[in-house]
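Being a predicted model, the structure only gives us computed values, none of them experimental.
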Amino acid sequence: MTAFFDLLWECAMALVGTVAFALLFSVPRRYYLWCGLIGGAGWAAFRLIDPFWGRTAAIFCAAALVIFLSRLRAVKERCPVTIFMVAGLFPLVPGAGIYWAIYELVMDNPAAASGRGTEALTDAVAIVLGIIIVFELPQKWFRRLAGQKPPPKG
């Protein structure tokens with residue numbers, strides 16, 4: 001039961017961090033809750049998938065979920081997807097990995113720096129691939145999921 005509450009606590013902190021990041025980037029106030037929920041959902045996906053498929057696959061799946069939810073919410077709110085996407089990806093960004101890679105480099109430990117740098121780069125590539133794949137889905141799918149009628153043809 002403790003593992004469940006730990007996961008819940010982590011997701012809540014991801015939500016708070018995502019809202020803080022949205023505030024930093026001047027996201028309109030009415031979108032704070034949705035930004036936070038999307039960021040928390042991405043973190044939950046990462047934590048749930050990581051033990052089974054590994055870190056890289058978990059980050060890829062979590063990034064894809066964040067982008068999917070961001071596109072869906074953007075259609076519902078009729079606003080740019082970047083409002084939700086940039087803030088929602090915040091918990092997944094490998095900032096600590098980059099920091100530790102540079103730290104190991106400065107401490108003259110090139111083997112550890114290489115390992116940490118490779119892991120951070122792999123995480124970043126997984127995020128980018130998640131973004132690209134979900135952005136390849138047709139916009140009409142998101143309109144349909146949001147309950148909107150397609151625009152008239154011609």
Side-chain angles (χ1 to χ4, degrees), residues 1-101 116-154:
M1 197 60 153
T2 257
F4 172 75
F5 288 116
D6 288 346
L7 177 64
L8 198 60
W9 177 253
E10 287 181 27
C11 292
M13 291 301 102
L15 185 147
V16 169
T18 303
V19 170
F21 197 71
L23 182 96
L24 182 67
F25 278 87
S26 302
V27 169
R29 182 173 285 167
R30 67 182 176 271
Y31 302 132
Y32 287 169
L33 177 63
W34 287 110
C35 287
L37 290 172
I38 290 170
W43 185 255
F46 167 72
R47 292 288 283 130
L48 292 171
I49 295 169
D50 183 32
F52 302 104
W53 291 354
R55 180 179 178 84
T56 304
I59 287 182
F60 168 78
C61 292
L65 176 68
V66 166
I67 303 309
F68 184 85
L69 294 174
S70 296
R71 286 191 69 189
L72 188 60
R73 194 76 229 159
V75 168
K76 284 186 176 272
E77 298 288 338
R78 297 179 187 265
C79 67
V81 69
T82 53
I83 287 176
F84 305 106
M85 181 181 81
V86 173
L89 287 172
F90 173 72
L92 302 174
V93 172
I98 295 168
Y99 170 84
W100 286 112
R116 290 187 185 260
T118 301
E119 184 178 281
L121 183 62
T122 304
D123 293 349
V125 169
I127 291 171
V128 170
L129 289 175
I131 293 169
I132 289 170
I133 287 175
V134 176
F135 266 103
E136 288 300 315
L137 300 176
Q139 183 69 11
K140 65 182 177 182
W141 291 3
F142 292 93
R143 285 194 190 107
R144 194 171 299 139
L145 285 172
Q148 295 180 357
K149 294 183 180 177
K153 293 183 180 179

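- Here the CZ atom belonging to F84 is positioned 4.0 Å from the SG atom belonging to C79, to the nearest 0.5 angstrom.
- In this structure, R116 has no side chain to side chain donor-acceptor pair (under 3.5 Å) partners at least two apart in sequence or on a different chain.
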Donor-acceptor contacts under 3.5 Å from residues 63-77 side chains, at least two apart:
| from | atom 1 | to | atom 2 | distance (Å) |
| --- | --- | --- | --- | --- |
| S70 | OG | V66 | O | 2.7 |
| S70 | OG | M85 | N | 3.4 |
| R71 | NH1 | V134 | O | 2.8 |
| R71 | NH1 | L137 | O | 3.0 |
| R71 | NH2 | L137 | O | 3.3 |
| R71 | NH2 | Q139 | OE1 | 2.7 |
| R73 | NE | E77 | OE2 | 3.3 |
| R73 | NH2 | E77 | OE2 | 2.7 |

Could you pull out all donor-acceptor pairs under 3.5 Å where a side-chain atom in residues 48-61 meets a protein atom, sequence neighbours excluded?
| from | atom 1 | to | atom 2 | distance (Å) |
| --- | --- | --- | --- | --- |
| D50 | OD1 | R55 | N | 3.1 |
| R55 | NE | D123 | OD2 | 2.9 |
| R55 | NH2 | D123 | OD2 | 3.0 |

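- Listed by first and then second residue, the salt bridge (Lys or Arg N to Asp or Glu O under 4.0 Å) pairs that reach into residues 25-39 come to none, sequence neighbours excluded.
- Evaluation of the ring pair (Phe, Tyr, Trp, His ring centres under 6.0 Å) rule for W34 yields no partner, not counting sequence neighbours.
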Quick one: side chains of residues 7-28, donor-acceptor pairs under 3.5 Å with protein atoms, not counting sequence neighbours, listed by atom name and distance.
| from | atom 1 | to | atom 2 | distance (Å) |
| --- | --- | --- | --- | --- |
| E10 | OE1 | W43 | NE1 | 3.0 |
| E10 | OE1 | R47 | NE | 2.5 |
| E10 | OE2 | R47 | NH2 | 3.3 |
| T18 | OG1 | A14 | O | 2.7 |

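- Counting all heavy atoms, side chain and backbone alike, G88 lies closest to I38 at CA-CG2, 4.3 Å.
- Of all non-hydrogen atoms in A87 and P91, the two that sit nearest each other are O-CD, 4.0 Å.
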